[in-house]
Amino acid sequence: MSKKKIFTDSGIEIKEVYTAADCRLPTADCELPAEFPFTRGIQPDMYRGKLWTMRQYAGFSTAEESNKRYHYLLSQGVNGLSVAFDLPTQIGYDSDHALAEGEVGKTGVAIDSLEDMQALFKGIKLEEVSTSMTINATGFILLSFYIALAKQQGADLKKINGTIQNDILKEYAARGTYIYPPKPSMRIITDIFEWCSKEVPKWNTISISGYHIREAGSTAVQEIAFTLSNGKAYVEAALKKGLDINVFGQRLSFFFNAHNNLFEEVAKFRAARKMWARIMKDMGATDPKAMMLRFHTQTGGSTLTAQQPLNNISRVTIQTLAAVLGGTQSLHTNGYDEALSLPTEEAARIALRTQQIVAFESGAPDTADPLAGSYFVEALTHEVEEAAWKLIHKIDAMGGSVAAIEQGFIQNEIARSAWEYHRKIETGEKIIVGVNKFQSEEINPIPGFKVDDSIRTGQIERLTRLKSNRDHAKCDQVLQSLSDKASGDENIMPTVVEAVENKCTLGEIADTLREVYGEYK
């Protein structure tokens with residue numbers, strides 16, 4: 001027998017061989033999919049009834065350019081759009097703000113006004129498409145643009161469906177695109193929960209995100225522990241506001257990362273479902289739908305290499321399988337060239353084809369939870385769950401996620417794991433093909449996708465036109481009303497929708513609340 005010890009990135013030791021004794025299944029009769037605690041999935045037949053939603057995350061340059069990519073992706077078989085926004089949009093600055101210089105249209109599309117949103121979705125009926133928007137601090141404004149556009153299209157708001165990420169806690173812990181301090185940020189989020197449950201009941205009001213926690217360097221165990229802890233904090237805030245857990249609980253969704261360790265990733269997804277069901281039950285949920293963890297997955301951006309970039313196609317394939325075998329509801333696959341630039345059209349197409357090949361050629365979706373009963377996967381699911389509960393109990397003892405973030409605990413844990421991971425790569429303990437082993441001379445670098453700096457000029461011209469063709473007195477009045485409501489207890493969402501319909505810009509709305517709440521430093 002080999003003396004060599006092998007561990008996952010979460011520090012879980014992998015045995016040479018697993019037997020029935022390692023399984024630790026609760027009963028001889030295994031639970032079925034769609035039965036509490038939903039370890040095996042949330043649908044009885046999983047993908048036989050309906051495949052996961054195939055999304056391709058896209059957004060760059062101007063709304064018009066992004067719109068062309070959306071029409072292309074829809075023509076290639078995408079059935080859900082996923083919008084990336086540029087940095088100024090994410091942190092509440094219009095394109096003409098001094099701090100927006102050099103960033104407009106770079107990490108995503110620039111959206112300053114309802115006019116930009118109209119251009120972004122030109123020729124696309126919002127009632128017929130599911131849209132996911134990766135937006136947090138300004139999520140309430142982008143949702144308002146989307147709802148205002150749906151109203152202009154004559155759509156039935158009760159049929160509009162999609163998701164805003166709206167997960168501010170992970171911004172403080174891992175990503176940094178926050179504006180307001182935690183307390184008012186949580187208040188905005190619960191306003192969204194309350195308003196959407198009445199006005200757009202099919203909208204997923206939050207996508208509690210482990211993705212960025214993992215991208216920042218966490219392990220798989222930390223990803224689910226910190227994400228589920230954040231989820232608990234949102235549920236507690238909503239309960240304090242008097243909302244019904246069985247209603248808003250059904251509109252909570254999650255967003256996870258898929259990395260390269262196939263079996264640990266599958267175990268992570270299975271454990272997360274089981275844990276969330278128990279958390280929601282303990283917090284008072286009685287409706288099974290409010291206990292189900294529904295999640296979107298994106299393949300791991302930080303796993304992609306600039307060296308030998310075509311190798312990334314293989315990495316994304318493994319990660320796609322992990323997400324599907326783990327029971328994801330929705331999936332975005334990264335382009336092979338994303339370590340170099342925004343994905344080219346060819347890379348986006350291959351990424352989508354990877355999902356389609358797994359869906360229609362691999363046999364992976366033919367039965368629910370195909371790895372259930374594997375001695376290894378069942379043992380690993382149990383170990384991941386056990387390790388994640390330990391972290392959650394530690395966070396609970398500190399007073400929950402908000403307190404743990406304020407004390408720097410979560411940030412420090414992620415930083416420690418990131419350092420350890422990179423140390424292993426540098427010492428050769430962990431092999432990354434093409435990076436620290438199996439290197440080769442690379443002659444033909446893949447041409448990157450570049451965004452022109454001149455697009456900021458176009459955005460500024462559009463903003464100038466918009467501001468000269470609106471009722472300034474009405475704008476001032478609506479923004480004052482928003483300030484009053486933000487200072488009190490009234491839900492701000494109806495006023496934000498009214499503001500965007502009256503041509504107020506994203507920056508003006510964000511600044512109005514900056515004056516009330518201040519900025520988090």
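Using modelled atom types and a 3.5 Å distance limit, the side chains of Asn136 and Gln90 yield no donor-acceptor pair. A side-chain donor from one of Thr286 and Asn246 sits under 3.5 Å from a side-chain acceptor of the other. Side-chain atoms of Asp167 and Tyr234 include a donor-acceptor pair closer than 3.5 Å. Looking at Asp287 and Gln250, their side chains do bring a donor and an acceptor atom within 3.5 Å of each other. One side chain, Gln356 or Arg353, offers a donor N or O that lies under 3.5 Å from an acceptor on the other. Counted by atom type alone, Lys485 and Thr495 present one or more donor-acceptor pairs between their side chains at under 3.5 Å. Looking at Glu223 and Ser218, their side chains never bring a donor and an acceptor atom within 3.5 Å of each other. A side-chain N or O of Glu171 and one of Thr177 form a donor-acceptor pair less than 3.5 Å apart. Using a 3.5 Å distance cut-off with no hydrogens or angles, the side chains of Thr163 and Asn204 do pair a donor with an acceptor. Donor-acceptor pairing under 3.5 Å is lacking for the side chains of Thr320 and Gln355. A donor-acceptor contact closer than 3.5 angstrom is absent between the side chains of Gln319 and Glu265. Side-chain contact, Ser417 with Gln222: a donor N or O sits under 3.5 Å from an acceptor N or O.
In this structure, Glu498 pairs ionically with Lys474, as a charged nitrogen and a carboxylate oxygen lie closer than 4.0 Å. Taking the charged nitrogens against the carboxylate oxygens, Arg315 and Glu338 have no contact shorter than 4.0 Å, which rules out a salt bridge. Here Lys106 does not pair with Glu103 in a salt bridge; the nearest charged N to carboxylate O distance is not below 4.0 Å. Salt bridge annotation for Asp396-Lys232: present, with a cationic side-chain nitrogen under 4.0 angstrom from a carboxylate oxygen. For Glu501 and Lys151, the salt-bridge test passes: some basic side-chain N is under 4.0 Å from an acidic carboxylate O. A salt bridge links Asp116 to Arg462: one of the charged nitrogens lies within less than 4.0 Å of a carboxylate oxygen. Classification of Asp191 and Arg187 as a salt-bridged pair holds, one side-chain N sitting under 4.0 Å from a carboxylate O.
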Would you check, one step at a time, whether the test side-chain hydrogen bond (donor to acceptor under 3.5 Å, both in side chains) holds for Asp112 with Gln459?
CA-CA 8 Å; Asp112 296 322; Gln459 282 296 113; 2.9 Å; yes
Using the side chain to side chain contact (heavy atoms under 4.5 Å, CB included) rule, take Val129 and Lys125 through it: C-alpha gap first, then chi angles, then the decisive distance, then the call.
CA-CA 7 Å; Val129 69; Lys125 286 197 162 72; over 6 Å; no
Evaluate the criterion salt bridge (charged side-chain N to carboxylate O under 4.0 Å, His left out) for residue pair Lys240 and Glu194; output intermediate values, then yes/no.
CA-CA 12 Å; Lys240 272 185 195 151; Glu194 182 180 52; over 6 Å; no
Arg55/Thr53 under side-chain hydrogen bond (donor to acceptor under 3.5 Å, both in side chains): CA gap, chis, key distance, verdict
CA-CA 6 Å; Arg55 296 187 188 280; Thr53 301; 5.0 Å; no
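The two residues Leu463 and Ser95 have their closest heavy-atom pair at CD1-N, 4.0 Å. Contact record, Ile213 with Ala174: CA-CB, 3.9 Å, taken as the closest heavy-atom pair.
Counting heavy atoms from C-beta outward, Lys202 and Ile160 have side chains that stay 4.5 Å or more apart. Between Lys274 and Leu293, the closest side-chain pair of non-hydrogen atoms is not below 4.5 Å. Trp52 is not listed as a side-chain neighbour of Gln329, based on a closest heavy-atom distance of 4.5 Å or more. The side-chain heavy atoms of Ile410 and Ile395, taken from C-beta on, include a pair separated by under 4.5 Å. Using a 4.5 Å heavy-atom threshold, the side chains of His212 and Gln165 count as touching. Counting heavy atoms from C-beta on, the side chains of Arg251 and Ser197 never come closer than 4.5 Å. The closest side-chain heavy-atom distance from Phe140 to Asn166 is not below 4.5 Å. Side-chain contact between Met117 and Leu142: present, with at least one pair of heavy atoms (C-beta onward) separated by less than 4.5 Å.
In Asp156, the CG atom is crowded: over 12 heavy atoms of neighbouring residues, nucleotides or ligands sit closer than 6.0 Å. Around atom NZ of Lys281, no more than 12 heavy atoms belonging to other residues, nucleotides or ligands sit under 6.0 Å away.
Between Ser253 atom OG and Ile208 atom CD1 the span is 7.0 Å, to the nearest 0.5 Å. Atoms OG1 and CZ, from Thr303 and Arg214 in turn, are 9.5 Å apart once rounded to the nearest 0.5 Å. Rounded to the nearest 0.5 Å, atoms CG (Asn257) and CD1 (Ile224) are 13.0 Å apart. Distance check, rounded to the nearest 0.5 Å: CZ of Phe193 to NZ of Lys241 gives 10.5 Å. In this structure, CD1 in Ile141 is found 13.0 Å from CG in Leu114, a value given to the nearest 0.5 Å.
Using a distance-only test at 3.5 Å, with no hydrogens or angles considered, no donor-acceptor pair links the side chain of Ser483 to the main chain of Leu479. In this structure a side-chain-to-backbone donor-acceptor pair under 3.5 Å is missing from Thr328 to Leu331. Checking side-chain atoms of Tyr211 against main-chain N and O of Thr299 turns up a donor-acceptor pair under 3.5 Å. Between the Ser401 side chain and the Asn230 main chain, a donor and an acceptor come within less than 3.5 Å of each other. Although no hydrogens or angles enter the test, the distance criterion places no donor-acceptor pair under 3.5 Å between the side chain of Asn334 and the main chain of Val316. The backbone N or O of Pro309 sits less than 3.5 Å from a side-chain atom of Asn312, completing a donor-acceptor pair. Distance alone, capped at 3.5 Å, is enough to place a donor-acceptor pair between the His71 side chain and the Lys122 backbone. Listed for the Arg514 side chain is a donor-acceptor partner under 3.5 Å among the backbone atoms of Gly92.
Aromatic rings from Phe255 and Phe295 are positioned such that their centres are separated by 6.0 Å or more. Ring centroid separation for the pair Phe254 and Trp276 comes in under the 6.0 Å cut-off.
Judged as a salt bridge (Lys or Arg N to Asp or Glu O under 4.0 Å), the pairs with a partner in residues 82-101 (not counting sequence neighbours) are, in order, Asp96-Lys467. Contacts classified as ring pair (Phe, Tyr, Trp, His ring centres under 6.0 Å) and involving residues 475-521 (residues at least two apart or in different chains) are given here: Tyr172-Tyr520, Tyr178-Tyr520, Tyr180-Tyr517. Pairs engaging residues 113-135 under the ring pair (Phe, Tyr, Trp, His ring centres under 6.0 Å) rule: Phe121-Tyr146 [sequence neighbours left out].
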